[in-house]
**Q** 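This is the structure I want to talk about, given as structure tokens.
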Amino acid sequence: MSLHYPRALRNHFPHPAPAALHGHRHPAAPPADGITIDYKHRAAVVGGREVRLTLVEFELLAHMVARPLQVCTRRQLMTSVWGPTALGGGRTVDVHIARLRGKLGPGYRETITTVRHVGYAYDPSRAGA
């Protein structure tokens with residue numbers, strides 16, 4: 001399986017988010033119990049420390065933080081991050097979520113909950129669990 005990245009994203013960094021190229025915009029993400037998303041600087045601050053994320057990890061986290069407690073299907077996440085013409089399956093999302101959880105570290109990795117056979121949800125109440 002391969003992922004489709006628009007030509008503008010293949011070899012040029014820094015660059016706009018793939019979702020932005022397809023006309024998708026995230027609503028403003030307010031600070032969320034220890035996780036703050038800064039769209040202007042494309043940064044995530046977790047527990048007072050800036051976490052270095054890849055473009056895809058940032059987009060996944062921003063999408064979920066903007067929608068606390070809402071279950072996001074793997075297909076919704078694929079469309080939001082890679083665009084409506086994304087190729088790849090649910091395992092692609094699973095791998096990126098696993099890496100994202102690792103970077104969030106103890107106390108925050110639990111905020112991204114797995115909804116079996118469906119997708120993922122962001123639960124800020126699980127911070128520090």
Side-chain angles (χ1 to χ4, degrees):
M1 264 184 257
S2 65
L3 295 176
H4 169 73
Y5 286 96
R7 174 175 282 158
L9 298 180
R10 291 189 186 137
N11 296 314
H12 178 69
F13 290 90
H15 50 71
L21 292 175
H22 296 287
H24 300 288
R25 296 207 153 230
H26 297 292
D33 286 355
I35 297 180
T36 305
I37 303 297
D38 180 352
Y39 287 99
K40 182 177 180 182
H41 298 103
R42 303 206 53 80
V45 178
V46 179
R49 66 180 170 84
E50 186 171 339
V51 177
R52 295 182 58 95
L53 301 174
T54 66
L55 174 69
V56 170
E57 292 162 351
F58 177 85
E59 287 294 316
L60 284 169
L61 183 62
H63 181 87
M64 289 189 292
V65 166
R67 297 158 182 80
L69 303 177
Q70 178 180 325
V71 176
C72 301
T73 67
R74 288 172 176 86
R75 175 54 43 202
Q76 287 171 328
L77 292 169
M78 287 286 293
T79 300
S80 173
V81 174
W82 286 274
T85 59
L87 301 175
R91 287 297 301 153
T92 300
V93 174
D94 296 344
V95 168
H96 286 285
I97 290 288
R99 290 179 182 159
L100 175 58
R101 283 176 171 156
K103 290 183 180 182
L104 293 179
Y108 291 96
R109 68 174 48 115
E110 295 83 7
T111 60
I112 299 176
T113 60
T114 301
V115 181
R116 285 180 58 103
H117 305 292
V118 179
Y120 299 93
Y122 172 72
D123 184 353
S125 69
R126 295 179 57 93

**Q** Does CZ in R49 sit with more than 12 non-hydrogen atoms of other residues, nucleotides or ligands closer than 6.0 Å?
**A**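 It does: R49 CZ has more than 12 such atoms within range.
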**Q** Any donor and acceptor pair, going by atom type alone, linking the side chain of T113 with main-chain N or O of A121 inside 3.5 Å?
**A**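 The answer is yes, because a donor-acceptor pair under 3.5 Å joins these two groups.
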**Q** Could you state the interatomic distance from CE (M78) to OG1 (T85), rounded to the nearest 0.5 Å?
**A**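 Reported value, rounded in 0.5 Å steps: 9.5 Å.
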**Q** Do L87 and W82 touch side chain to side chain, with heavy atoms closer than 4.5 Å?
**A**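 Sidechains of W82 and L87: no contact.
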**Q** Does any non-hydrogen side-chain atom of L77 lie less than 4.5 Å from one of M64?
**A**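 The answer is yes; the side chains approach within 4.5 Å.
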**Q** List the steps and the verdict of side chain to side chain contact (heavy atoms under 4.5 Å, CB included) for Y108 and V51.
**A** CA-CA 12 Å; Y108 291 96; V51 177; over 6 Å; no
**Q** Are the side chains of R42 and L55 in contact, using a 4.5 Å heavy-atom criterion?
**A**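 Yes - at least one pair of side-chain heavy atoms lies under 4.5 Å apart.
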**Q** Minimum heavy-atom separation for G102 and R109, please, with both atom names.
**A**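 It is O-NH2, 3.9 Å.
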**Q** Does the side chain to side chain contact (heavy atoms under 4.5 Å, CB included) test come out yes or no for V45 and D38, once each step is laid out?
**A** CA-CA 8 Å; V45 178; D38 180 352; over 6 Å; no
**Q** At their closest point, which heavy atom of P68 faces which heavy atom of V65, and how far apart are they?
**A**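 Residues P68 and V65, closest heavy atoms: CD-O, 3.3 Å.
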**Q** What's the shortest heavy-atom distance between A62 and Y39, and which atoms?
**A**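 Where A62 meets Y39 most closely, the heavy atoms are CB-OH, 3.4 Å.
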**Q** Which atom names give the shortest non-hydrogen contact between R75 and G88, and what distance separates them?
**A**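 Looking at all heavy atoms of both residues, the closest pair is NH2-O, 3.7 Å.
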**Q** If I take atom SG from residue C72 and atom CZ from residue R67, how far apart are they, to the nearest 0.5 angstrom?
**A**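 If we round to the nearest 0.5 Å, C72:SG and R67:CZ are 6.5 Å apart.
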**Q** Is there side-chain contact between V115 and Y120, with at least one heavy-atom pair below 4.5 Å?
**A**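 With C-beta onward as the side chain, the pair stays apart.
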**Q** Let me see the working for E59 and L53 under side chain to side chain contact (heavy atoms under 4.5 Å, CB included), right down to the final yes or no.
**A** CA-CA 9 Å; E59 287 294 316; L53 301 174; over 6 Å; no
**Q** Give a yes or no on whether a salt bridge exists between R101 and E57, defined as a side-chain N under 4.0 angstrom from a carboxylate O.
**A**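 Between E57 and R101 there is no salt bridge, as every charged N stays at least 4.0 Å from the carboxylate O atoms.
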**Q** Any side-chain heavy atom of K103 sitting closer than 4.5 Å to one from V46?
**A**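 No. Closest side-chain heavy atoms not under 4.5 Å.
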**Q** What's the spacing between Q70 CD and Q76 CD if we round to 0.5 Å?
**A**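 Answer for the CD-CD pair, Q70 versus Q76, is 6.5 Å.
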**Q** As an exercise, state the distance from CD1 of I112 to CG of L104, rounded to the nearest 0.5 Å.
**A**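 CG of L104 is found 5.0 Å from CD1 of I112.
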**Q** Would you name the heavy atoms of A44 and L61 that are closest together and state the gap between them?
**A**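 Heavy atoms of A44 and L61 come nearest at CB-CD2, 4.0 Å.
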